[in-house]
Amino acid sequence: MSFFDYANVRIARRAMILRSGAVLSGAAVALLAGRDALAAQTGAAHDDVRILNTARGAELEAIAAYQVGAESGLLQKPVLDLAVQFQGHHKQHADVLAATVRKLGGAPVAANAKYDFPVATLKTQADVLNFAATLEKGAVSAYLGAVPIFGNRDLAKAAASILGDEAMHWAILRQALGQEPVPLAFMA
């Protein structure tokens, strides 16, 4: 199910957390400690792979969404450059998540063959920017919900780092739309 299929951001975030399973296990701790073989052997590695693959799936969806925006023909050169840069960030996130899944002995999820994006509603540059801003706000919310479920502080810091990147994307997109870049003192 796509992020855009949920009624609102909070429901999407909860679904991501619930789909990903429980808290990261000892396998993730072993992985961070540089013990890849031990991490792959633990029974809880399956749960960790599921959590990481959920995040990877969201990153792959973001990559596809930015591709839709880039190919729309609606973006002026500076905005197109920004969209491609943000897409590159999502590619980096997806690559790191895939490498971690492999270290845990799992198979990284692949991108969907097709995503159900609201392309019919993208008629102007502002429409594309609003679409991207909605995606980035959802990513911020999802990572915000994921940070506290990590048992290992290093994993929480890594997720918070990605959250920070998504928040910067959201603020920049809002500013490009002429909106207050940081509308709230706290994210929910």
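Connection of Leu129 to Ile172 is established within a shared hydrophobic cluster, with ILVMFWY side chains joined at heavy-atom distances below 4.5 Å, either directly or through further cluster members. A continuous path of hydrophobic side-chain contacts links Val119 to Val79 [ILVMFWY only; heavy atoms under 4.5 Å].
Residue Leu75 holds its CG atom at 9.5 Å from CG of Leu82, rounded to the nearest 0.5 Å. Note that CE of Met168 and CG of Leu163 are 10.0 Å apart. Values are rounded to the nearest 0.5 Å. With values rounded to the nearest 0.5 angstrom, Gln125 atom CD is found 9.5 Å from Leu80 atom CG.
Listed by chain and number, the residues in a side chain to side chain contact (heavy atoms under 4.5 Å, CB included) with Leu74 are Ser72, Leu122, Val128 (sequence neighbours excluded). Partners of Gln92 according to the side chain to side chain donor-acceptor pair (under 3.5 Å) rule, which considers only residues two or more places apart in sequence or in another chain, do not exist here. Residues passing the side chain to side chain donor-acceptor pair (under 3.5 Å) test with Gln179 are Arg174, sequence neighbours excluded. Scanning for side chain to side chain contact (heavy atoms under 4.5 Å, CB included) contacts around Lys123 gives Asp127, with sequence neighbours left out. In this view, Asp165 and His89, His93, His169 satisfy the side chain to side chain donor-acceptor pair (under 3.5 Å) rule, not counting sequence neighbours. In this view, Ala99 satisfies the side chain to side chain contact (heavy atoms under 4.5 Å, CB included) rule with no residue, not counting sequence neighbours.
The shortest side-chain heavy-atom distance between Asn112 and Glu61 does not fall under the 4.5 Å cut-off. By the 4.5 Å heavy-atom criterion applied to side chains, Trp170 and Leu135 are not counted as neighbours. Residues Tyr115 and Leu60 have side chains in contact (heavy-atom distance under 4.5 Å, counting atoms from C-beta outward). Thr121 places none of its side-chain heavy atoms less than 4.5 Å from the side chain of Phe131.
Ser141 places no side-chain N or O within 3.5 Å of a backbone atom of Lys137 that could act as its donor or acceptor partner. Remark: the backbone N or O of Tyr143 is not paired with any side-chain donor or acceptor of Glu166 at under 3.5 angstrom. No donor-acceptor distance shorter than 3.5 angstrom exists from the side chain of Gln87 to the backbone of Tyr66, with no hydrogens or angles considered.
By the 6.0 Å contact criterion, CD on Gln175 is open, its count of non-hydrogen atoms from other residues, nucleotides or ligands being 12 or less.
Residues Arg56 and Val109 share a closest heavy-atom pair of NE-O, 2.8 Å. The two residues Ala98 and Pro108 come nearest to each other via the heavy atoms O-CG, 3.7 Å. Smallest separation of non-hydrogen atoms from Ala94 and Ile63: CB-CD1, 4.1 Å. The two residues Val182 and Ala171 come nearest to each other via the heavy atoms CG2-CB, 4.4 Å.
Under 4.0 Å is where a charged nitrogen must lie from a carboxylate oxygen, and between Lys77 and Asp81 at least one such pair does.
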